[in-house]
Amino acid sequence: MPFQPTEYLPYDFANRRHIGPSPSEMADMFNALGVADLEQLIEETVPASIRQKEPLEFGKPMSERELLWHMRQVAKKNNVVTSLIGQGYHGTVTPPAIQRNILENPAWYTAYTPYQPEISQGRLEALLNYQTMITDLTGLEIANASLLDESTACAEAMTMAQRVAKSKAKGFFIDENCHPQNIAVMRTRAEPLGIEIIVGKPEDMDPEQVFGAIFQYPGTYGGLQDFSAPIEALHEAKALGIIAADPMALCLLKEPGAMGADIAVGSTQRFGVPMGFGGPHAAYMACRDAYKRAMPGRIVGVSIDAHGNRAYRLSLQTREQHIRREKATSNVCTAQALLAVMAGFYAVFHGPEGLKAIAQRIHRKTVRLAKGLEEAGFAIDQADFFDTITVDVGLFQKGVMEAGIQNGVNFRKVGKTKIGITLDETTRPATIERIWRAFGIERQDFDLMPTYRLPNNLIRQSAYLQHDVFHMNRAETEMMRYMRRLADRDLALDRAMIPLGSCTMKLNSAAEMMPISWPEFSNLHPYCPADQAEGYEEMITDLNAKLCQITGYDAISMQPNSGAQGEYAGLLTIAAYHRANGQGHRNVCLIPVNAHGTNPASAQMVGWKVVVVKCDDQGSIDLDDFRTKAEQHGENLAGCMITYPSTHGVFEETVQEVCEITHKYGGQVYIDGANMNAMVGLSRPGDLGGDVSHLNLHKTFCIPHGGGGPGMGPIGVKSHLTPHLPSHPLDVTGAGPVSAAPFGSPLLLPISWAYCLMMGGDGLTQATKAAILNANYIATRLSGAYDILYRGKSGRVAHECIVDVRPFEKSAGVTVEDIAKRLIDCGFHAPTMSWPVAGTLMVEPTESETKAELDRFCDAMLAIREEIRAIEEGKIDAENNPLKNAPHTTEDLVGDWDRPYSREQGCFPPGAFRVDKYWPPVNRVDNAYGDRHLICTCPPMEDYVDAE
């Protein structure tokens with residue numbers, strides 16, 4: 001046969017890499033669906049009235065080689081200068097074993113939030129290590145599994161204090177020595193909730209005026225203070241005390257719990273997580289046991305499985321914001337799990353002695369630096385400090401700042417006459433000498449082991465990190481094997497499809513991930529001089545332009561660093577717009593039942609009243625009910641929040657009419673971007689009538705989920721809302737900042753930018769079409785065996801479908817949970833369970849999955865249906881069957897087998913691989929037991945068995 005040139009050029013490979021089904025597989029799928037081609041399917045699925053008129057134009061797609069070369073050129077435009085700015089961001093050393101085995105390992109970064117605990121035992125143990133580290137360092141009883149960043153953690157602590165404090169005061173006190181970005185974000189959160197912010201010196205605080213107070217420790221300028229007395233005064237007034245503490249400092253300093261603090265928050269960035277121009281980083285929150293049920297975020301707890309063996313799970317707050325809606329304590333939906341895992345492993349890697357040694361070295365270097373400055377006649381504000389000093393340079397501030405840059409260091413400008421300097425574990429003797437030279441000082445020969453300059457009453461007396469895991473053999477061989485053992489306990493996207501509806505678990509390609517490890521992107525401080533971040537500026541500007549073209553909006557804010565925070569930021573932007581137009585009284589938000597689960601909680605956070613709109617039998621917005629309620633609340637209508645396509649997986653043809661009704665009564669339209677993977681290149685929310693949308697870059701644009709975070713939730717807006725976008729945290733205007741860093745978690749943005757550059761406009765559009773094809777293929781194959789709840793007019797679903805399994809509980813006693821656990825035996829993560837409709841499974845295959853994997857999933861689901869049928873017909877015992885006993889472990893396989901079905905049927909159902917089968921490490925986890933016996937720190941290393 002003569003040579004035939006390939007139909008693909010090299011730059012097409014990226015498109016094929018992201019799109020699972022091959023052209024020949026697509027042809028087979030078209031036959032199954034009864035369509036001629038992909039275009040016919042799209043015409044039947046996406047209403048013509050909402051289709052965008054022009055194709056996406058991004059220029060020629062790049063090959064991987066072209067992309068990586070281009071990214072290198074852009075990265076070189078970032079000038080990495082040693083940062084001494086501090087202010088909550090520090091240079092750190094990521095141990096190579098952690099970088100290679102965690103950060104750069106798809107077994108860790110492609111995992112999903114551990115809502116299915118049986119297949120998440122590895123990351124749950126890693127997060128339990130993190131929680132144990134936080135409780136030990138803070139001296140408090142309970143910690144969560146991370147929050148978004150320190151500033152938002154401070155805001156969450158403030159609202160948590162408001163919920164639980166017995167004081168009826170409306171004020172909240174903020175120590176003036178808190179980091180300015182923390183103060184700014186707390187002000188943003190407080191305003192719509194009617195909280196009065198009081199900023200001042202701790203000694204001037206009136207406890208009777210506040211329900212709580214927060215103190216920074218060490219202070220933003222380096223000062224140290226024991227807050228025991230002000231916290232005691234708060235307690236006498238029935239208010240709560242919060243300390244925002246640096247965990248590295250806590251390795252030497254008195255812990256917040258010993259000062260009487262009720263809540264502690266902070267950032268674990270300096271525990272091996274690069275600055276990344278602002279994120280992502282894992283913030284922490286710890287509290288007293290009495291307040292655990294009011295804590296936002298996720299808490300990993302210890303329970304038992306069906307055989308009484310120790311098993312980990314998420315406790316208490318699991319998906320609370322979806323279940324309780326506007327009554328939820330928070331809209332937090334994304335944590336920073338991957339970064340928390342890194343920080344926890346940093347503590348495991350170094351152990352308590354290692355962490356203390358790092359903290360001591362940082363402090364000694366700071367003392368040595370201070371001695372040299374004082375000997376040269378410079379005045380330092382702090383007599384005692386940990387790693388930060390403030391130096392008075394008078395009229396020479398500008399000259400010293402410039403001299404610092406000339407010597408390769410960035411100082412922090414403090415006021416008009418002072419300079420802040422913060423050292424960290426990366427500081428070398430040569431760094432200190434460069435600092436001295438910037439101050440005009442020649443090399444100083446001081447004692448290399450200087451004495452502490454910590455106050456005696458603040459030197460830590462208690463032990464920490466006493467659990468065995470922090471004392472393991474520190475040979476890298478042992479560490480590597482421990483990380484591998486934990487990874488092997490999990491089921492992530494590197495093993496199998498994760499068909500979660502509304503969560504879009506798609507490929508995170510290696511080429512897209514590589515640049516985040518480059519120092520030019522990872523080692524920049526978020527507040528460094530702008531001319532040192534020109535590469536970031538070029539990338540963000542171009543990505544913004546691409547996202548504007550994709551969405552039909554006029555401007556993008558990259559600041560929100562999660563999808564839920566994007567919702568919150570979008571609503572704040574609308575609220576600021578109404579205030580600017582003299583319409584600040586507008587506070588009613590219409591939210592249909594089929595909107596995304598976090599929407600009501602987000603509306604509550606901006607002080608709005610949620611009015612629920614009905615849906616019809618097809619799962620679409622009840623237009624009559626929407627119109628009636630819009631008219632009823634017309635004078636006070638702030639806006640509506642809709643999800644498109646709907647969370648039920650349907651392109652509703654009335655979406656433009658919904659937008660028109662909202663605008664008629666003076667409201668603004670928020671279109672949730674959770675399902676944007678069904679729209680890119682086909683339809684633009686800005687064209688449909690949307691005024692603002694958030695985009696889940698960690699869904700549609702390939703940023704990995706990382707076991708429950710990181711995420712990015714930038715918002716796009718129409719031009720009239722542009723002046724009201726979130727402000728820079730250090731230059732507050734407009735709606736105020738929502739995150740600590742001006743661009744949220746920008747270290748993630750190279751991933752989404754690379755995805756757009758390699759796919760091009762046609763590739764992105766093709767990915768959307770393939771996602772719709774895959775979802776309809778699954779819906780077609782499962783039809784007949786299962787009811788597919790909602791479809792469009794032509795009988796098609798969008799990018800996801802809802803499989804109704806509710807009838808089986810009545811006919812066979814089989815629940816949605818039984819099916820989810822049985823899918824584990826087949827080697828699959830379960831689809832989204834019982835949301836948005838209780839007792840159903842929501843399936844979203846994404847475009848990344850091949851036909852072979854889709855068929856494997858469908859085969860598994862069809863086999864499960866036959867097992868249900870056998871129960872219905874009395875052929876299998878209703879209580880002792882493969883579904884009720886799922887998942888099956890290797891212990892089940894090799895142990896005594898007294899079940900009325902074979903080991904083969906139990907352990908190797910259709911869909912399961914024979915050689916590469918995934919074996920869950922535990923049987924079904926007892927959720928109720930875990931909540932009744934809450935343990936959220938590492939239990940003893942011996943097996944935890946306490947069956948009732």
Exercise. Quick check, are the ring centers of His281 and Tyr89 under 6.0 angstrom apart?
Worked result: yes
Exercise. Hey, does the side chain of Gln336 reach the backbone of Leu148 with a donor-acceptor pair shorter than 3.5 angstrom?
Worked result: yes
Exercise. Are there more than 12 heavy atoms of other residues, nucleotides or ligands under 6.0 Å from atom NZ of Lys718?
Worked result: yes
Problem set entry | Asp175 side-chain N/O to Asn177 backbone N/O, donor-acceptor pair under 3.5 Å | yes
For this session: Compute the ring centroids of Tyr755 and His18, then answer whether they are less than 6.0 Å apart.
Result: yes
Problem set entry | Pair Arg437-Glu442, salt bridge (Lys or Arg N to Asp or Glu O under 4.0 Å): steps then yes or no | CA-CA 6 Å; Arg437 283 199 297 273; Glu442 293 302 318; over 6 Å; no
Exercise. Are the side chain of Thr94 and the backbone of Gly272 linked by a donor-acceptor contact shorter than 3.5 Å?
Worked result: yes
For this session: Answer yes or no: is there a donor N or O on one side and an acceptor on the other, between the side chain of Gln99 and the main chain of Pro95, under 3.5 Å?
Result: no
Exercise. Hey, are Asp424 and Arg270 close enough for a salt bridge, meaning a charged N less than 4.0 Å from a carboxylate O?
Worked result: no
Exercise. So, does Thr110 use its side chain to make a donor-acceptor pair with the main chain of Pro106 at under 3.5 Å?
Worked result: yes
Exercise. Can you check whether Ile134 reaches Thr268 side chain to side chain, under 4.5 Å on heavy atoms?
Worked result: yes
Problem set entry | Thr92-Gln269 side chain donor-acceptor pair, cut-off 3.5 Å | no
Exercise. Are Thr551 and Ser693 side-chain neighbours, meaning at least one heavy-atom pair lies under 4.5 Å?
Worked result: no
Exercise. Got a donor-acceptor contact below 3.5 angstrom from the His350 side chain to the Leu355 backbone?
Worked result: no
Problem set entry | Asp387 and Asp246: CA distance, side-chain angles, deciding distance, side chain to side chain contact (heavy atoms under 4.5 Å, CB included) verdict | CA-CA 10 Å; Asp387 63 356; Asp246 172 7; 4.1 Å; yes
For this session: Mind listing the closest non-hydrogen atom pair of Ala511 and Met758 along with its distance?
Result: CB-CE, 4.2 Å
Exercise. Looking only at heavy atoms, which two atoms of Ala740 and Val185 are closest? And how far apart?
Worked result: N-CG2, 4.3 Å
Problem set entry | Thr422 to Ile85 - nearest heavy-atom pair and separation | OG1-O, 4.0 Å
Exercise. Are Pro729 and Pro742 side-chain neighbours, meaning at least one heavy-atom pair lies under 4.5 Å?
Worked result: yes
Exercise. Given the side-chain rings of Phe385 and Tyr221, with only the six-membered ring counted for Trp, is the space between their centroids under 6.0 Å?
Worked result: no
Exercise. Side chains of Asn79 and Asp531: is there a donor and an acceptor less than 3.5 Å apart?
Worked result: no
Exercise. Taking the side chain from Asn561 and the backbone from Ser745, do they hold a donor-acceptor pair closer than 3.5 Å?
Worked result: no
Exercise. Between Glu538 and Thr541, is any side-chain donor less than 3.5 angstrom from a side-chain acceptor?
Worked result: no
Exercise. Can you check whether Leu253 reaches Leu454 side chain to side chain, under 4.5 Å on heavy atoms?
Worked result: yes
Exercise. Do you know the tightest heavy-atom contact between Pro180 and Arg412?
Worked result: CD-NH2, 3.6 Å
Exercise. How are the rings of Phe271 and Tyr346 set relative to one another: parallel (under 30°), tilted (30 to 60°) or perpendicular (over 60°)?
Worked result: tilted
Problem set entry | Check: Arg453 and His363 side chains under 4.5 Å, non-hydrogen atoms | yes
For this session: Verify the distance criterion only: is there a donor paired with an acceptor across the side chains of Gln549 and Glu57 at less than 3.5 Å?
Result: no
Exercise. Looking only at side chains, do Thr82 and Arg434 share a donor and an acceptor under 3.5 Å apart?
Worked result: yes
Exercise. After noting the C-alpha distance and the side-chain angles of Ser83 and Tyr527, does the key distance pass the side chain to side chain contact (heavy atoms under 4.5 Å, CB included) rule?
Worked result: CA-CA 9 Å; Ser83 176; Tyr527 308 139; over 6 Å; no
For this session: Compare all side-chain heavy atoms of Thr417 with those of Gln397 and state whether any distance is below 4.5 angstrom.
Result: no
Exercise. Thr220 and His179: side-chain donor and acceptor closer than 3.5 Å?
Worked result: yes
Problem set entry | Within-4.5 Å side-chain heavy-atom neighbours: Lys699 and Met676 | no
Exercise. Do we see a donor-acceptor contact under 3.5 Å between the side chains of Asn182 and Ser151?
Worked result: yes
Exercise. Does any donor atom in the side chain of Glu176 or Gln216 lie under 3.5 Å from an acceptor atom in the other side chain?
Worked result: no
For this session: Using distance alone, with no hydrogens and no angle criterion, decide if Thr152 and Gln565 have a side-chain donor and acceptor under 3.5 Å apart.
Result: no
For this session: For side chain to side chain contact (heavy atoms under 4.5 Å, CB included), just list the numbers for Ile419 and Asp392, CA-CA rounded to whole Å, side-chain angles, deciding distance to a tenth of an Å, and then say yes or no.
Result: CA-CA 7 Å; Ile419 282 175; Asp392 195 332; over 6 Å; no
For this session: Begin with the C-alpha distance, continue with both residues' side-chain angles, and end with the deciding distance and a verdict on side chain to side chain donor-acceptor pair (under 3.5 Å) for Thr390 and Gln382.
Result: CA-CA 7 Å; Thr390 305; Gln382 302 83 14; 3.1 Å; yes
For this session: Compare all side-chain heavy atoms of Pro247 with those of Tyr284 and state whether any distance is below 4.5 angstrom.
Result: yes
Problem set entry | Approximate separation, where rounding is to 0.5 Å, of Leu543 CG and Trp753 CH2 | 8.5 Å
Exercise. Between Ala157 and Val265, what is the shortest heavy-atom contact and its length?
Worked result: CB-CG1, 3.9 Å
Exercise. For the side chain of Asn508 and the backbone of Cys702, is there at least one donor-acceptor N/O pair under 3.5 Å apart?
Worked result: yes
Exercise. Sub-3.5 Å donor-acceptor pair from the side chain of Ser752 to the main-chain atoms of Phe701, do we have one?
Worked result: yes
Exercise. Glu512 side chain to Ser509 main-chain N or O, any donor-acceptor pair under 3.5 Å?
Worked result: yes
Exercise. What are the two closest non-hydrogen atoms of Met558 and Pro714, and how far apart are they?
Worked result: SD-CB, 3.7 Å
Exercise. For the rings on Tyr536 and Phe521, is their centre-to-centre separation under 6.0 Å?
Worked result: yes
